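Just below is one structure, and these are the notes that go with it.
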Amino acid sequence: MSRRVDQVLAGFAEGDAISNAAVSLQSIVRASGAQSDIYVDTNHVSPDMQGRGQPLHEYSGNAGDIVIHHYSIASPAVDTFLASPSKKVLVYHNITPADYFRGYDDRVVGQLEEARARLVEVMAAVDTVWAVSDFNADELRSLGAENVDVFPLLFSAEQFDLEPDPEIFAKFTVPLTNLLFVGRMAPNKRIEDLIMAFAWYHRVINRRSRLLIVGSERSAPRYYLMLRMLANELDLPNVCFERFASPEGLSAYYELADAFVTASDHEGYCLPLIESMHREVPVIAKSRGGMPEALGGGGLMYDDASPEELAQLIHLVLSEPGLKQGILESQAKRMQQIESRDAAGELEALLAKLW
Amino acid sequence: MKIVVGGEDRSDVVGGMVTKGVERMRRHPDAPEFVHSTYSALALCEATTTSAYLHRLIDLIRKRSELSTIPARVPHGQGLVTTIKAQIRWLMWRVLRYQHDRMAFQQNVINTQMTSALEFLVEEQSREIAELRARLDAREGNA
């Protein structure tokens, strides 16, 4: 009988980092000859992902199998995972501190608080823990975890290099300087800081510019409303809230981008940084959480900056050829490291500890 | 401000350039005008519960219900053609402003109706919740 490595997820959506990680993991496991299915809470499956996972209640593991749970929020998937007789692997994607969501969504605050409260209990009940970054691993070790391996988020250039969506190009025919942010619209991303920095950049430095904000607003619609109100009160029609983008759409946005900018305060790893580096877009990121690790010496990182300072930093990166060149060279080096990674070998070694 | 470029600390050089640039920007006549924190959307960040957020939102919508059409900004660059184009746009704005103001007035009325409806809804829900809670307390008390 062949081996099985199943995954149970809290939700499944196209463009979501955890869903993408689960799909990539499934491909590697299947390529190795083992069987692998993804089980997900059907209440939290986006329409485009319907049929690509099995309903959570249909999961029934066997003692010789392995089950993986991607942990970032409290959900019914946690209990299904813990009840499984299979060997259990907890993949820790980090839990966004609940305080960021306070005021925007009491329900999400509750789920994040519950996830953090249960973390120690869940860790104690599993056979091993994999963290997607050293930053996450350190957090788990500080909570007393001993058996933590680091298995960074998978980046697949083949899955990412798609034909760009021509409709996006048609939408932005006027050639302006495009500043890009990609990520779900959540309060920990501090998109308001980005908008305020753009207000300075657009008004004082470069009128022919736009800020493209690409990412789903579904996890915090009240935060999204606040951002739209802010862009309106600053009289910035060139702040483009593009919301969710298909993989082809995303490819087009990276093609349009002159720089990728993020003022995010909390990230477990931040895959869009890797995507930007891959597409040779200079990255400007705040030195927080797992982002220095994802950049791995590439791009430009800054500590706290006022909106004016961030605007000026963007201007320097776009106008000083030496600075931009240095950033792009460092990013190319980092991408060589990432692309030469033997993810299948790493996964095999980690699974071998459990079989 | 610490700046790291390609893994190298460049706070001195790049940071110095940023500081000089910021000084120039702050003196610029087109520097953005930030709304006072009481009236800004950023006031919503201060809410600690969903209910507090909703109350602040209603408050903000009330304070920001008027659309001003006076400070219409006509962008213009350098050169004779660009200046003439800007003048034409400015003239068109003067001609069309009356119609625009009519539409803005109608939109403001709709916004006000929406805000009021939202307020009534919140009030009604709060009243219903209070009533249900009182009935529940009474039943639990009897049991």
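Chain letters run A, B, ... following the sequence lines, proteins first and then strands; every chain starts at 1. Predicted model only: the values in this text are computed from it and were never measured.
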Gap between atom CE of A:M196 and atom OG of B:S40 - 0.5 Å precision: 7.5 Å
query: Should we count CZ of B:F34 as having more than 12 external heavy atoms under 6.0 Å?
result: yes
B:R127 atom CZ, neighbour heavy-atom count above 12 within 6.0 Å: yes
field: B:T48 (side chain) donor-acceptor with A:R102 (main chain) under 3.5 angstrom
entry: no
statement: The interface call for A:S287 against chain B, heavy-atom contacts under 4.5 Å, is neither
task: For A:R218, look at atom CZ and say whether over 12 heavy atoms of other residues, nucleotides or ligands are found less than 6.0 Å away.
output: no
task: Flag the one option from B:V18, B:V5, B:V14, B:L44 with the top tally of heavy-atom pairs under 4.5 Å to chain A.
output: B:V18
message: So for B:R26, is it side chain, backbone, both, or neither that comes closer than 4.5 Å to the heavy atoms of chain A?
response: both
task: Could you give me the CA-CA distance, side-chain angles and deciding distance for B:C45 and A:Y223, then say whether side chain to side chain contact (heavy atoms under 4.5 Å, CB included) is met?
output: CA-CA 8 Å; B:C45 303; A:Y223 178 64; 5.7 Å; no
message: Counting neighbours of NZ on B:K20 that are heavy atoms of other residues, nucleotides or ligands and sit closer than 6.0 Å, is the number greater than 12?
response: no
- request: Sort A:E329 into side chain, backbone, both or neither according to what part of it lies under 4.5 angstrom from a heavy atom of chain B.
  value: neither
field: Which portion of A:D105 sits near chain B, non-hydrogen atoms under 4.5 angstrom
entry: backbone
- prompt: What part of B:L54 is in contact with chain A, defined as an atom under 4.5 angstrom from a non-hydrogen atom: side chain, backbone, both or neither?
  reply: neither
query: What distance separates B:I3 CD1 from A:L323 CG, expressed to the nearest 0.5 Å?
result: 9.0 Å
- prompt: Is it true that a side-chain atom of A:D106 and a backbone atom of B:T50 form a donor plus acceptor pair closer than 3.5 Å?
  reply: yes
Interface residue of largest heavy-atom contact number with chain A, from B:G7, B:A31, B:A41, B:P29, under 4.5 Å: B:A41
Region of A:L316 in contact with chain B, defined by heavy-atom distances below 4.5 Å: side chain
- prompt: Can you tell me how far CZ of B:R56 sits from CZ of A:R222, rounded to the nearest 0.5 angstrom?
  reply: 15.0 Å
statement: dist B:K2:NZ -> A:Y302:OH (nearest 0.5 Å) comes out at 15.0 Å
message: Within a 6.0 Å radius of atom CD on A:E320, are there more than 12 heavy atoms belonging to other residues, nucleotides or ligands?
response: yes
task: Would you sort out whether B:L60 and A:M229 count as a side chain to side chain contact (heavy atoms under 4.5 Å, CB included), showing the intermediate values?
output: CA-CA 10 Å; B:L60 278 183; A:M229 287 172 71; 4.0 Å; yes
message: Report which part of A:E192 has an atom under 4.5 Å of a heavy atom belonging to chain B: side chain, backbone, both, or neither.
response: side chain
- prompt: Between B:Y53 and A:L225, does a side chain to side chain contact (heavy atoms under 4.5 Å, CB included) hold up when you go through it step by step?
  reply: CA-CA 11 Å; B:Y53 175 98; A:L225 173 65; 3.8 Å; yes
message: With a 4.5 Å cut-off on side-chain heavy atoms, are B:P32 and A:V204 touching?
response: yes
query: Counting heavy-atom pairs under 4.5 Å to chain B, which of A:E233, A:E308, A:M301 comes out on top?
result: A:E233
From CE (B:M17) to CD (A:Q312), nearest 0.5 Å: 8.5 Å
statement: Rounded to the nearest 0.5 angstrom, the CD-OG distance for B:E8 and A:S330 is 10.0 Å
- request: Check B:E33 against A:L234 and note the closest heavy-atom contact, atom names and distance.
  value: O-CD2, 4.0 Å
message: With a 4.5 angstrom heavy-atom cut-off, is it the side chain or the backbone of A:I205 that approaches chain B, or both, or neither?
response: side chain
statement: Ranking B:A52, B:S51, B:G21 by heavy-atom pairs under 4.5 Å to chain A gives rank one to B:G21
